[in-house]
Amino acid sequence: LPVLDRDGALVGLFGAEQALRAALRPPSTEAHVRDAEPPTPVSLVMQRVVPTVPSSAALPQLIAQVLAAPERAVVVLEEGRPLGIISDTTLTQHLLAPARSAWLAALHMPGQTHATLADGESASAGALADRSVPTLPEQAAQDDAIRALLDGEHERLIVTSADGRLAGVLTRRALLRALAQAAA
């Protein structure tokens, strides 16, 4: 959102990052003082139905999964445990020509078949997975999730169950929606 001064001149922008930073509770300075309300766990905010792909998936299957995913991102699993995420951005960064050109065309025309999409590429989902995406346990506090997303400049994080398996995904958008609902 544009931010204007009293004279109507643009002085800056207010976006998702600023909203999330503003929502963070300041750390308690006194160890013996507790908040009246317990922090919201990420399990109440995360998306539980998550598109996944096995780490052994070949590029054509991976591409089809990413194109079919609502947010154009899939979690890569190995024996039920998350390795990382592959998004449309990840594929754009890692594919080489001519597969990259075909991939970009597929993003603009998802219903079309692009024969050259996986030509010359043999990488598996496990090799392409972005492993820098943070993981948090499902009982972690919402503020911890906000910090993890902002500190690493991530759009999403992986939420795991107590046994390390995939429990869900938490995005900046989901956090903003939860904060807006709590404020209403």
Out of curiosity, [X] [atom1] to [Y] [atom2], how far, rounded to the nearest 0.5 Å?
{"X": "Ile158", "Y": "Leu83", "atom1": "CD1", "atom2": "CG", "result": "8.5 Å"}
{"X": "Thr89", "Y": "Leu107", "atom1": "OG1", "atom2": "CG", "result": "9.0 Å"}
{"X": "Glu79", "Y": "Ser55", "atom1": "CD", "atom2": "OG", "result": "8.0 Å"}

Shortest non-hydrogen separation from [X] to [Y] and the atoms involved:
{"X": "Val75", "Y": "Pro82", "answer": "CG1-CB, 3.9 Å"}
{"X": "Pro41", "Y": "Glu138", "answer": "CB-O, 4.0 Å"}
{"X": "Leu157", "Y": "Val133", "answer": "CA-CG1, 3.8 Å"}
{"X": "Val159", "Y": "Pro137", "answer": "CG1-C, 4.1 Å"}
{"X": "Leu128", "Y": "Thr90", "answer": "O-CG2, 3.4 Å"}

Give a yes or no on whether the backbone of [Y] and the side-chain of [X] come within a donor-acceptor separation of less than 3.5 Å.
{"X": "Arg156", "Y": "Pro134", "value": "no"}
{"X": "Gln47", "Y": "Val49", "value": "yes"}
{"X": "Gln65", "Y": "Thr52", "value": "yes"}
{"X": "Arg172", "Y": "Leu20", "value": "no"}
{"X": "Asp5", "Y": "Asp7", "value": "yes"}
{"X": "Arg81", "Y": "Thr160", "value": "no"}
{"X": "Arg100", "Y": "Thr92", "value": "yes"}

For the residue pair [X] and [Y], establish whether any side-chain heavy-atom pair is separated by less than 4.5 Å.
{"X": "Leu4", "Y": "Leu10", "value": "yes"}
{"X": "Leu91", "Y": "Leu62", "value": "yes"}
{"X": "Asp130", "Y": "Ile86", "value": "no"}
{"X": "Leu1", "Y": "Leu13", "value": "no"}

Return yes when atom CZ of Arg173 has more than 12 non-hydrogen atoms of other residues, nucleotides or ligands closer than 6.0 Å, and no otherwise.
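It does not: Arg173 CZ has 12 such atoms or fewer within range.
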